[in-house]
Amino acid sequence: MKNGFLKQIGCIIAIFIATSCGEQKEKKEEQPSKNEQPNIVIIYLDDLGYGDVGAYGATELKTPNMDRLVNEGVKFTSGYTSSATCTPSRYALLTGEYPWRVNAAILPGTAPLIIDTDQPTIPKMLKKKGYQTGIVGKWHLGLGNGNADWNQEITPGPNQLGFDYSYILAATQDRVPTVYIDNGKVDNLDPNDPIEVSYEENFEGEPTGKDNPELTTMKWHHGHNQSIVNGVPRIGYMKGGEAAKWTDIDMADHFLEKAKAYVASHKDAPFFLYYALQQPHVPRTPHPRFVGASGMGPRGDVIVEADWVIGEFLKELETQGILENTLIVFTSDNGPVLNDGYYDNAVEKLGDHTPAGGLRGGKYSLFEAGTRVPFSVYWKGKITPKTSDALVCQIDLYASLAELAGAESKLPDSQNLLGTFLGKSEKGRDQLIIEAGGRTALRKGDWAFIPPYSGAAVNTQVNIELGNDESYQLYDLKNDLGQQTNVAAENPEKLKELKSVYERIRGNDNASVPELELH
């Protein structure tokens with residue numbers, strides 16, 4: 001009797017333990033591990049136009065790897081950057097805030113950091129959810145406090161905004177300092193050859209593109225006639241730092257190796273990588289492997305080079321076995337420009353190629369080609385390929401990635417469009433304020449609204465229509481995507497409605513803005 005009772009008790013205990021262990025196992029399995037969080041990569045091109053990609057209609061340029069990201073993901077036909085120039089767009093991308101709220105504009109290479117270190121940023125937000133965060137490539141959001149010593153640690157910068165790792169060029173390829181910066185310190189700097197940088201005056205005895213054209217291998221057209229590095233005249237003056245200076249033709253390869261190394265060393269935990277390519281911004285300096293690859297001169301060649309870089313980066317994700325757990329955003333900081341400071345045959349060798357893809361304007365412009373850019377979201381095995389006409393903006397990536405990572409987002413400008421970015425919804429923004437050179441306009445529904453602005457209608461240096469007109473402009477993009485007919489006079493009620501929406505968001509105090517300066 002006693003043994004039977006003990007046997008029953010033992011069975012009950014065994015069942016309880018087994019049940020308890022099973023429940024614990026089930027609970028454990030319900031909790032996602034860090035490795036189940038997707039890696040997130042933003043591949044950001046520089047001055048790539050809506051029509052520069054095969055998947056968006058380019059027939060003269062071959063871009064198979066860009067096409068893969070577009071055709072095998074969600075292709076947005078109404079995907080926008082916030083601005084028609086680079087610094088403001090990058091500000092909006094990382095902060096989820098309209099750049100005109102802080103008067104963001106194209107910065108010189110010596111500008112202080114324009115993002116406050118207390119501001120929310122995508123890398124800060126993702127770090128809190130267990131992500132490792134890195135940036136490789138172009139920065140152009142300022143560094144330091146305005147009087148940076150390039151021979152010491154330069155702070156604040158990307159590392160103070162949430163990036164665990166940063167390997168960048170300070171501004172643009174055409175601006176000094178022409179050096180790479182590795183986690184706040186100039187890479188390969190010789191302390192016996194200190195760097196000096198100025199945007200005000202040249203250093204005694206240093207040649208310039210303006211005074212010494214015989215020392216240049218690239219002829220400047222406008223603005224780019226100061227310090228000469230690797231035969232290329234730049235914007236700004238620089239002295240010293242010879243061992244640290246980059247080699248322009250190797251830049252794409254150099255950044256690619258850094259990006260691949262980052263992936264390889266962070267494959268076992270979720271990571272966010274902001275991979276900011278420098279192409280096809282000037283100076284266009286393709287590696288010799290790509291010279292002549294497009295038949296369009298250096299601009300076409302560097303687009304082909306950028307496409308190859310993207311292909312090699314995707315191969316690395318595949319090699320590391322993490323492509324199917326990586327969400328990739330592919331887009332550009334603003335629209336296209338041909339002659340942007342150098343004579344490089346971009347105009348002469350264009351042929352039948354249309355960088356703006358039938359849109360009006362380009363970089364610097366309030367017309368569609370300034371801010372409507374290639375924009376896709378790719379996630380192998382998780383996103384069903386589709387084309388979406390939803391109105392989306394890079395400014396919405398903050399709130400949408402926050403939703404993906406399980407983080408909070410209370411920013412007023414960034415909208416959570418995660419379902420749209422993943423192809424599960426067709427709902428986009430109701431409206432969007434776009435910006436170019438301090439001027440702003442409105443996109444809402446099928447309409448584009450541009451308030452009156454004084455100033456030249458065309459910037460003759462780059463041969464781009466800016467969108468300036470002394471009258472209100474209203475375009476029906478559904479029937480006139482190329483914005484050839486201003487229908488403001490025929491649609492007074494629609495004009496009144498959009499003017500009211502615009503002023504509610506933007507205010508009406510921006511009628512007077514400075515003339516566009518390209519350098």
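Only this structure's heavy atoms are used, side chains among them; waters, hydrogens and symmetry mates stay out.
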Steps toward side-chain hydrogen bond (donor to acceptor under 3.5 Å, both in side chains) verdict (Ser454, Glu470): CA-CA 6 Å; Ser454 59; Glu470 294 187 359; over 6 Å; no

Quick check: does any side chain N or O of [X] sit under 3.5 Å from a backbone N or O of [Y], one acting as donor and the other as acceptor?
X: Glu60; Y: His353; answer: no
X: Ser294; Y: Met296; answer: yes
X: Gln483; Y: Glu368; answer: yes
X: Trp139; Y: Gly142; answer: yes
X: Lys75; Y: Ala55; answer: yes
X: Asp307; Y: Met66; answer: yes
X: Ser414; Y: Ala399; answer: yes
X: Asp182; Y: Asp187; answer: no

Hydrogens and angles aside, do [X] and [Y] bring a side-chain donor and acceptor to less than 3.5 Å of each other?
X: Thr285; Y: Gln173; result: yes
X: Asp333; Y: Ser89; result: no
X: Asn188; Y: Tyr180; result: no
X: Gln119; Y: Tyr91; result: yes
X: Tyr44; Y: Gln394; result: yes
X: Glu305; Y: Gln279; result: yes
X: Thr133; Y: Asp164; result: yes
X: Tyr131; Y: His266; result: no
X: Tyr502; Y: Thr440; result: yes
X: Asp340; Y: Tyr364; result: yes
X: Asp67; Y: Thr63; result: yes
X: Arg439; Y: Asn468; result: yes

If the threshold is 4.0 Å, N to carboxylate O, is there a salt bridge linking [X] and [Y]?
X: Lys258; Y: Asp253; result: no
X: Asp301; Y: Arg284; result: no
X: Glu97; Y: Arg101; result: no
X: Asp46; Y: Arg90; result: yes

Distance (rounded to the nearest 0.5 Å) between [X] [atom1] and [Y] [atom2]:
X: Asp174; Y: Ile235; atom1: CG; atom2: CD1; result: 4.5 Å
X: Arg506; Y: Glu435; atom1: CZ; atom2: CD; result: 8.0 Å
X: Thr326; Y: Leu273; atom1: OG1; atom2: CG; result: 10.0 Å
X: Ser198; Y: Glu206; atom1: OG; atom2: CD; result: 12.0 Å
X: Ser82; Y: Ile395; atom1: OG; atom2: CD1; result: 6.0 Å
X: Leu48; Y: Ser332; atom1: CG; atom2: OG; result: 5.0 Å

Quick one: closest heavy-atom pair of [X] and [Y], and the distance?
X: Gly362; Y: Ala369; value: N-CB, 3.6 Å
X: Leu161; Y: Thr121; value: O-OG1, 2.6 Å
X: Gly96; Y: Tyr398; value: CA-CB, 4.0 Å
X: Asn39; Y: Ala269; value: OD1-O, 3.6 Å
X: Leu314; Y: Leu323; value: CD2-CD1, 4.3 Å
X: Ala92; Y: Pro99; value: CB-CD, 3.8 Å

So, do [X] and [Y] sit near enough that their side-chain heavy atoms are less than 4.5 Å apart?
X: Lys138; Y: Cys86; result: yes
X: Val337; Y: Ile464; result: yes
X: Tyr378; Y: Phe330; result: no
X: Leu169; Y: Pro177; result: no
X: Leu143; Y: Ile181; result: yes
X: Asn339; Y: Asn463; result: no
X: Phe272; Y: Val41; result: no
X: Met251; Y: Gln278; result: yes

For the salt bridge (charged side-chain N to carboxylate O under 4.0 Å, His left out) test, which of Lys267, Arg68, Lys260 pairs with Glu318? Arg68

Can you check side-chain contact (heavy atoms from CB on, under 4.5 Å) on Val232 and Tyr342, steps first, answer last? CA-CA 9 Å; Val232 180; Tyr342 299 97; 3.7 Å; yes

Is the number of heavy atoms from other residues, nucleotides or ligands within 6.0 Å of CD (Glu204) greater than 12?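 No, CD of Glu204 has 12 or fewer neighbouring heavy atoms, counting only those of other groups under 6.0 Å.
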
Evaluation steps, side-chain contact (heavy atoms from CB on, under 4.5 Å), between Ile195 and Val186: CA-CA 9 Å; Ile195 295 173; Val186 172; 4.0 Å; yes

Kindly assign one of parallel, tilted or perpendicular to the pair Tyr167 and Tyr165, based on the angle between their ring planes and the thresholds 30° and 60°.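 Geometry flag for Tyr165 against Tyr167: parallel rings.
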
Under the criterion side chain to side chain donor-acceptor pair (under 3.5 Å), which of Asn459, Thr371, Asp47, Thr85 is the partner of Lys363? Asp47

Less than 6.0 angstrom separating the ring centers of Tyr56 and Tyr50, yes or no?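 Centroid separation for Tyr56 and Tyr50: below 6.0 Å.
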
Are Tyr343 and His221 an aromatic pair by the rule of ring centers under 6.0 Å? yes

Going through the distances and angles, do Ser83 and Asn334 end up as a side-chain contact (heavy atoms from CB on, under 4.5 Å)? CA-CA 6 Å; Ser83 307; Asn334 50 249; over 6 Å; no

Establish, for the pair Arg372 and Tyr80, whether the NZ or CZ atom is under 6.0 angstrom from the six-membered ring centre and no further than 45 degrees off its axis.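 Judged by the rule (NZ or CZ under 6.0 Å from the ring centre, within 45° of its axis), Arg372 is not positioned above Tyr80.
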
Check Tyr262, Phe255, Tyr275 against Phe313 for a ring pair (Phe, Tyr, Trp, His ring centres under 6.0 Å) and give me the one that passes. Tyr275

For Asp149 and Ile154: C-alpha separation, side-chain torsions, deciding distance, then whether side-chain contact (heavy atoms from CB on, under 4.5 Å) applies. CA-CA 7 Å; Asp149 182 348; Ile154 307 156; over 6 Å; no

